[in-house]
Amino acid sequence: DVKVTQSSRYLVKRTGEKVFLECVQDMDHENMFWYRQDPGLGLRLIYFSYDVKMKEKGDIPEGYSVSREKKERFSLILESASTNQTSMYLCASGGGRGYTFGSGTRLTVV
Amino acid sequence: TQLLEQSPQFLSIQEGENLTVYCNSSSVFSSLQWYRQEPGEGPVLLVTVVTGGEVKKLKRLTFQFGDARKDSSLHITAAQPGDTGLYLCAGARGGGSNYKLTFGKGTLLTVNP
(Lines give C-alpha, C1' and ligand atoms only; values in the text may rest on other atoms or scores of the structure.)
Protein backbone atom coordinates (compact mmCIF):
# COMPACT_ATOMS: atom_id res chain seq x y z
CA ASP A 1 0.00 0.00 0.00
CA VAL A 2 1.52 3.29 -1.12
CA LYS A 3 2.13 5.75 1.63
CA VAL A 4 3.12 9.21 2.65
CA THR A 5 4.29 9.18 6.25
CA GLN A 6 4.55 12.25 8.45
CA SER A 7 6.78 11.89 11.48
CA SER A 8 4.40 13.24 14.11
CA ARG A 9 0.62 13.42 14.46
CA TYR A 10 0.70 16.04 17.23
CA LEU A 11 3.37 18.52 18.27
CA VAL A 12 3.44 21.26 20.88
CA LYS A 13 6.29 23.76 20.61
CA ARG A 14 7.21 27.02 22.28
CA THR A 15 7.41 30.37 20.54
CA GLY A 16 10.85 30.89 19.04
CA GLU A 17 11.75 27.21 18.80
CA LYS A 18 13.05 25.75 15.54
CA VAL A 19 10.64 23.05 14.39
CA PHE A 20 11.24 20.23 11.92
CA LEU A 21 8.38 18.39 10.23
CA GLU A 22 9.43 15.30 8.30
CA CYS A 23 7.69 13.58 5.43
CA VAL A 24 8.63 10.37 3.63
CA GLN A 25 6.97 8.82 0.56
CA ASP A 26 7.48 5.35 -0.89
CA MET A 27 6.03 5.94 -4.37
CA ASP A 28 9.17 7.26 -6.09
CA HIS A 29 7.33 10.52 -6.88
CA GLU A 30 9.38 13.45 -8.11
CA ASN A 31 6.98 16.06 -6.72
CA MET A 32 6.37 16.69 -3.04
CA PHE A 33 4.37 19.41 -1.34
CA TRP A 34 3.78 21.02 2.04
CA TYR A 35 0.40 22.59 2.85
CA ARG A 36 -1.16 24.10 5.91
CA GLN A 37 -4.88 23.82 6.50
CA ASP A 38 -6.85 26.28 8.59
CA PRO A 39 -10.64 26.59 9.07
CA GLY A 40 -12.16 28.85 6.45
CA LEU A 41 -8.89 29.21 4.53
CA GLY A 42 -8.65 25.79 2.95
CA LEU A 43 -5.37 24.20 1.91
CA ARG A 44 -2.58 26.71 1.33
CA LEU A 45 0.63 25.71 -0.39
CA ILE A 46 3.78 26.57 1.57
CA TYR A 47 6.56 25.04 -0.55
CA PHE A 48 6.96 22.34 -3.13
CA SER A 49 9.80 20.39 -4.68
CA TYR A 50 9.91 18.84 -8.14
CA ASP A 51 13.29 17.14 -7.76
CA VAL A 52 16.00 16.42 -5.24
CA LYS A 53 17.54 19.65 -3.96
CA MET A 54 15.01 21.68 -5.97
CA LYS A 55 12.38 23.76 -4.23
CA GLU A 56 9.92 26.48 -5.07
CA LYS A 57 7.90 28.84 -2.94
CA GLY A 58 4.20 28.33 -2.76
CA ASP A 59 1.60 30.88 -1.74
CA ILE A 60 2.66 31.40 1.89
CA PRO A 61 6.40 30.66 2.29
CA GLU A 62 7.18 33.37 4.87
CA GLY A 63 8.54 31.92 8.10
CA TYR A 64 9.20 28.51 6.56
CA SER A 65 12.00 26.74 4.73
CA VAL A 66 12.33 23.26 3.24
CA SER A 67 14.94 20.64 2.55
CA ARG A 68 14.98 17.80 0.07
CA GLU A 69 18.25 15.90 0.18
CA LYS A 70 16.76 12.57 -0.92
CA LYS A 71 13.92 11.85 -3.33
CA GLU A 72 11.74 10.18 -0.72
CA ARG A 73 12.10 12.78 2.04
CA PHE A 74 10.83 16.36 2.19
CA SER A 75 11.27 18.36 5.38
CA LEU A 76 9.50 21.54 6.44
CA ILE A 77 11.35 23.83 8.85
CA LEU A 78 9.87 26.58 10.96
CA GLU A 79 12.90 28.73 11.68
CA SER A 80 11.41 30.47 14.73
CA ALA A 81 7.94 29.20 15.57
CA SER A 82 5.22 31.74 16.21
CA THR A 83 1.68 31.34 17.49
CA ASN A 84 0.23 32.16 14.06
CA GLN A 85 1.89 29.01 12.75
CA THR A 86 -0.42 26.87 14.86
CA SER A 87 -2.12 24.77 12.21
CA MET A 88 -2.61 21.40 10.57
CA TYR A 89 0.34 20.65 8.28
CA LEU A 90 -0.12 18.24 5.41
CA CYS A 91 2.55 16.69 3.21
CA ALA A 92 1.67 15.26 -0.21
CA SER A 93 3.36 13.67 -3.18
CA GLY A 94 2.11 13.13 -6.72
CA GLY A 95 1.26 14.98 -9.88
CA GLY A 96 -1.49 16.21 -12.15
CA ARG A 97 -3.53 13.02 -11.80
CA GLY A 98 -3.73 13.35 -8.03
CA TYR A 99 -1.86 13.51 -4.76
CA THR A 100 -1.34 11.10 -1.92
CA PHE A 101 -1.44 12.92 1.41
CA GLY A 102 0.03 12.04 4.76
CA SER A 103 -2.15 11.93 7.86
CA GLY A 104 -1.09 15.40 8.89
CA THR A 105 0.70 16.98 11.83
CA ARG A 106 -1.33 19.11 14.21
CA LEU A 107 1.15 21.71 15.44
CA THR A 108 0.40 23.96 18.37
CA VAL A 109 2.78 26.82 19.17
CA VAL A 110 2.40 28.19 22.68
CA THR B 1 -8.36 34.89 -6.32
CA GLN B 2 -10.08 31.57 -5.64
CA LEU B 3 -9.83 29.64 -8.89
CA LEU B 4 -12.06 26.79 -7.75
CA GLU B 5 -15.31 27.65 -6.02
CA GLN B 6 -17.08 24.87 -4.16
CA SER B 7 -20.72 24.98 -3.15
CA PRO B 8 -22.32 24.62 -0.80
CA GLN B 9 -19.75 25.26 1.92
CA PHE B 10 -21.77 23.28 4.46
CA LEU B 11 -24.38 20.57 3.98
CA SER B 12 -26.24 18.67 6.69
CA ILE B 13 -28.66 15.94 5.60
CA GLN B 14 -30.39 12.85 6.89
CA GLU B 15 -29.29 9.33 6.11
CA GLY B 16 -30.83 8.10 2.87
CA GLU B 17 -31.06 11.49 1.17
CA ASN B 18 -29.37 12.33 -2.12
CA LEU B 19 -27.07 15.30 -2.56
CA THR B 20 -24.94 17.09 -5.12
CA VAL B 21 -21.94 19.32 -4.50
CA TYR B 22 -20.35 21.54 -7.08
CA CYS B 23 -16.92 22.73 -8.09
CA ASN B 24 -16.81 25.68 -10.49
CA SER B 25 -14.17 27.76 -12.18
CA SER B 26 -13.71 30.24 -15.00
CA SER B 27 -10.49 28.44 -15.91
CA VAL B 28 -9.99 25.30 -17.94
CA PHE B 29 -8.36 22.34 -16.22
CA SER B 30 -6.56 19.40 -17.82
CA SER B 31 -7.76 17.15 -15.02
CA LEU B 32 -9.81 17.42 -11.89
CA GLN B 33 -9.83 15.34 -8.74
CA TRP B 34 -12.13 14.85 -5.79
CA TYR B 35 -10.86 14.06 -2.30
CA ARG B 36 -12.57 13.21 0.98
CA GLN B 37 -11.02 14.24 4.26
CA GLU B 38 -12.11 12.90 7.63
CA PRO B 39 -11.44 14.90 10.83
CA GLY B 40 -7.81 14.74 11.90
CA GLU B 41 -6.70 12.95 8.73
CA GLY B 42 -5.24 13.89 5.37
CA PRO B 43 -7.39 14.06 2.23
CA VAL B 44 -7.85 10.80 0.33
CA LEU B 45 -8.13 10.78 -3.45
CA LEU B 46 -11.52 9.48 -4.63
CA VAL B 47 -11.37 10.00 -8.39
CA THR B 48 -9.62 11.79 -11.24
CA VAL B 49 -11.50 12.94 -14.34
CA VAL B 50 -9.66 14.08 -17.43
CA THR B 51 -12.09 14.24 -20.37
CA GLY B 52 -14.78 16.88 -20.83
CA GLY B 53 -18.20 15.30 -20.20
CA GLU B 54 -16.68 12.31 -18.43
CA VAL B 55 -18.77 10.54 -15.81
CA LYS B 56 -17.26 8.17 -13.26
CA LYS B 57 -19.06 6.11 -10.67
CA LEU B 58 -17.68 4.86 -7.39
CA LYS B 59 -20.41 2.83 -5.67
CA ARG B 60 -22.99 5.47 -4.60
CA LEU B 61 -20.82 8.39 -5.74
CA THR B 62 -21.09 9.81 -9.27
CA PHE B 63 -18.55 12.32 -10.53
CA GLN B 64 -18.97 14.42 -13.63
CA PHE B 65 -16.51 16.68 -15.44
CA GLY B 66 -18.10 19.54 -17.37
CA ASP B 67 -17.94 19.55 -21.16
CA ALA B 68 -15.72 22.63 -21.15
CA ARG B 69 -13.52 21.20 -18.37
CA LYS B 70 -14.22 24.20 -16.12
CA ASP B 71 -16.51 22.56 -13.57
CA SER B 72 -17.39 19.31 -11.89
CA SER B 73 -20.05 17.81 -9.67
CA LEU B 74 -20.21 15.03 -7.12
CA HIS B 75 -23.54 13.31 -6.56
CA ILE B 76 -24.11 10.95 -3.64
CA THR B 77 -27.10 8.62 -3.68
CA ALA B 78 -28.65 7.42 -0.44
CA ALA B 79 -26.08 9.10 1.80
CA GLN B 80 -24.80 7.23 4.83
CA PRO B 81 -23.15 8.53 8.04
CA GLY B 82 -19.87 7.10 6.76
CA ASP B 83 -20.00 9.66 3.92
CA THR B 84 -19.51 12.45 6.46
CA GLY B 85 -16.40 14.49 5.75
CA LEU B 86 -14.86 17.41 3.91
CA TYR B 87 -15.05 17.01 0.14
CA LEU B 88 -12.35 18.85 -1.78
CA CYS B 89 -12.00 19.34 -5.51
CA ALA B 90 -8.64 20.09 -7.09
CA GLY B 91 -7.61 20.88 -10.63
CA ALA B 92 -4.44 20.70 -12.70
CA ARG B 93 -3.95 23.54 -15.18
CA GLY B 94 -1.79 21.57 -17.58
CA GLY B 95 1.41 22.55 -19.29
CA GLY B 96 4.71 22.77 -17.48
CA SER B 97 3.20 23.04 -13.99
CA ASN B 98 0.71 20.23 -14.43
CA TYR B 99 1.88 18.66 -11.19
CA LYS B 100 0.76 21.67 -9.13
CA LEU B 101 -2.90 21.43 -8.14
CA THR B 102 -5.34 24.20 -7.27
CA PHE B 103 -7.67 23.25 -4.41
CA GLY B 104 -11.14 24.47 -3.60
CA LYS B 105 -12.00 25.25 0.02
CA GLY B 106 -14.27 22.25 0.29
CA THR B 107 -17.80 21.22 1.17
CA LEU B 108 -18.28 19.97 4.71
CA LEU B 109 -20.90 17.21 4.60
CA THR B 110 -22.63 15.85 7.68
CA VAL B 111 -24.93 12.85 7.28
CA ASN B 112 -27.11 12.35 10.35
CA PRO B 113 -28.34 8.88 11.25
Side-chain angles (χ1 to χ4, degrees), chain A residues 1-11 21 23-25 27-51 54-60 74 87-108, chain B residues 1-10 21 23 25 27-51 54 56 58 63 65 69 72 74 85-108:
Chain A
D1 199 16
V2 294
K3 285 175 75 169
V4 173
T5 302
Q6 293 185 229
S7 53
S8 305
R9 291 298 300 270
Y10 300 94
L11 275 178
L21 302 183
C23 175
V24 177
Q25 52 105 355
M27 294 163 285
D28 202 35
H29 285 156
E30 293 181 344
N31 309 307
M32 296 187 74
F33 307 85
W34 275 106
Y35 289 87
R36 63 177 284 177
Q37 187 177 32
D38 302 285
L41 298 178
L43 285 167
R44 291 183 291 167
L45 181 63
I46 304 171
Y47 266 97
F48 64 100
S49 168
Y50 52 88
D51 201 353
M54 305 304 289
K55 59 187 178 184
E56 283 199 25
K57 294 179 180 179
D59 301 318
I60 52 164
F74 191 34
S87 186
M88 173 71 142
Y89 289 87
L90 290 162
C91 174
S93 72
R97 294 299 179 101
Y99 293 171
T100 300
F101 282 87
S103 296
T105 296
R106 172 72 65 183
L107 173 67
T108 302
Chain B
T1 302
Q2 182 65 32
L3 291 182
L4 277 171
E5 298 281 350
Q6 290 191 243
S7 62
Q9 269 190 283
F10 303 95
V21 297
C23 176
S25 176
S27 302
V28 175
F29 291 94
S30 62
S31 70
L32 199 139
Q33 299 98 45
W34 285 91
Y35 297 80
R36 180 169 65 216
Q37 184 178 20
E38 298 184 8
E41 298 292 334
V44 175
L45 179 65
L46 297 174
V47 75
T48 300
V49 286
V50 298
T51 305
E54 182 177 2
K56 280 192 173 179
L58 185 67
F63 306 85
F65 201 12
R69 290 186 288 129
S72 181
L74 158 60
L86 179 67
Y87 288 81
L88 295 162
C89 67
R93 296 294 300 277
S97 60
N98 193 47
Y99 54 86
K100 193 176 163 191
L101 299 180
T102 298
F103 281 86
K105 290 187 178 180
T107 293
L108 185 60

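Residue numbers begin at 1 in each chain, while the letters A, B, ... track the order of the sequences.
Contact check for B:Glu41 versus A:Arg9: side-chain heavy atoms found under the 4.5 Å cut-off. The shortest side-chain heavy-atom distance between B:Leu88 and A:Leu43 falls under the 4.5 Å cut-off.
Between B:Leu45 and A:Arg97, the shortest heavy-atom distance links the atoms CD2-O, 4.0 Å. Of all heavy-atom pairs between B:Ser31 and A:Gly96, the closest is OG-O, 2.6 Å. A:Leu41 and B:Lys105 get closest at one heavy-atom pair: O-CE, 4.1 Å. Shown here for A:Leu90 and B:Pro43, the closest heavy-atom pair between the two residues is CD1-CD, 3.9 Å.
Heavy atoms of B:Gln33 lying under 4.5 Å from chain A belong exclusively to its side chain. Contact annotation for B:Gln9: neither backbone nor side-chain heavy atoms come within less than 4.5 Å of a heavy atom of chain A. Contact of B:Leu32 with chain A is not made at all, since no heavy-atom distance falls under 4.5 Å. Only the side chain of B:Val50 comes within contact range of chain A, with heavy atoms under 4.5 Å apart. Both the backbone and the side chain of A:Tyr99 come within less than 4.5 Å of a heavy atom in chain B. Within the 4.5 angstrom heavy-atom criterion, only side-chain atoms of A:Gln37, from C-beta onward, approach chain B.
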Begin with the C-alpha distance, continue with both residues' side-chain angles, and end with the deciding distance and a verdict on side chain to side chain contact (heavy atoms under 4.5 Å, CB included) for A:Asn31 and B:Lys100. CA-CA 9 Å; A:Asn31 309 307; B:Lys100 193 176 163 191; over 6 Å; no
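In this structure, B:Tyr35 has its ring center closer than 6.0 angstrom to the ring center of A:Phe101.
Take A:Asp38 and apply the salt bridge (charged side-chain N to carboxylate O under 4.0 Å, His left out) test, not counting sequence neighbours, and it matches A:Arg36, A:Arg44.
Among B:Gly91, B:Ala90, B:Gly40, B:Gly106, the residue with the largest count of heavy-atom pairs under 4.5 Å with chain A is B:Gly40.
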